[in-house]
Amino acid sequence: MTALETFKTLQSSDFGRFLGGLDHLLCAVMELGHIAGMILLLASVLLTSLNLLGLGLRNVPLAQIERSTARLFWTGLALLVVSGLLIFIPAATSYYPNDFFWAKFVLLGLALLVYLTLYRRVAAAESRGALLAKTTGGLVLSLWIGVAFAGRFIGFF
Ligand code: HEM
């Protein structure tokens, strides 16, 4: 099954048509859920990345910031996935030709990969070289902000 056929199947499914028939107020609630999820996730990413970049909370060990903000990250991501799918499913085929939609998911895949591999290893290390810390902090921050911008640009193109 091609991506377009999958999108068509999702949109024309009973659930897709149910979502498509919902009141606009509920759609606005899903958008708000998406923005709230993004604020939680980016708050966590910002605090840990600024620490790695040596720009914020320099006297607080990264492991402590990571422990305090991990729940923000995962709650934010869960909210983004659920609200994003509820926005996506009833209008799936309209996103298929949108380059920013695809760019967003390539960036999202890269952001998750770097977060779950390089960032995790650097955050867990007792000590880390300044160059590795700054590179990791800059990469993590740029990828997640890139996802957010691509998400915003979807509506403009
Ligand atoms: C599986 C995960 C996700 C799905 C399925 C998803 C899906 C969507 C969809 C369908 C839209 C609406 C686009 C439009 O019609 O204008 C959207 C908008 C957006 N997304 Fe996501 N998204 C996901 C994850 C994320 C993440 C991780 C971020 C940020 C870190 C993000 C940030 C945004 C932003 C900023 C918008 C624009 C919101 C607005 O204009 O009101 N999304 N997303």
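Order of listing sets the numbers, starting from 1, for every ligand and every atom in it. Just so we're clear, the structure is a prediction, and the values are computed from it rather than from any experiment.
Here the closest non-hydrogen pair linking C27 and L22 is SG-O, 4.4 Å. Considering every non-hydrogen atom in both R128 and V122, the closest pair reads NE-O, 2.8 Å.
Checked by atom type, the side-chain pair Y119/E66 shows a donor-acceptor distance below 3.5 Å.
Per-residue contacts place L108 under 4.0 angstrom from the following atoms of ligand 1 (heavy atoms of the residue considered): 2 (C), 27 (C). Every atom of ligand 1 is numbered from 1 in the order shown, and the set under 4.0 Å from a heavy atom of R152 is 34 (C), 36 (C), 37 (C), 39 (C), 40 (O). Atoms of ligand 1 found under 4.0 Å from any heavy atom of L85 (numbered from 1 in listed order, with element): 5 (C). Every atom of ligand 1 with a heavy atom of G155 under 4.0 Å away is listed here by number and element: 16 (O).
I89 CD1 to L10 CG: the interatomic distance, rounded to the nearest 0.5 Å, is 5.5 Å. Here NE2 of H34 is found 5.0 Å from CD1 of I87. Values are rounded to the nearest 0.5 Å. One finds the CG atom of L79 at 6.5 Å from the CG atom of L40 (value rounded to the nearest 0.5 Å).
Nearest-residue assignment for atom 3 (C) of ligand 1 (options F105, F149, F101; heavy-atom criterion): F105.
Backbone and side-chain nitrogen or oxygen atoms of W144 are examined, and none is located within less than 3.5 angstrom of a nitrogen or oxygen of ligand 1.
Ring centroid separation for the pair Y115 and F73 comes in under the 6.0 Å cut-off. Ring to ring, W102 and F7 are close: their centroids are under 6.0 angstrom apart.
Given atom 41 (O) of ligand 1, the protein heavy atom at minimum distance is E31 OE1, 2.7 Å. Summary of contacts: the protein heavy atom closest to atom 15 (O) of ligand 1 is Y95 OH, 2.7 Å.
Residues L141 and V45 have side chains in contact (heavy-atom distance under 4.5 Å, counting atoms from C-beta outward).
The stretch residues 132-157 participates, sequence neighbours left out, in no side-chain hydrogen bond (donor to acceptor under 3.5 Å, both in side chains) pair at all.
Around atom 21 (Fe) of ligand 1, the protein N, O or S atoms found under 2.8 Å comprise H34 NE2, K104 NZ.
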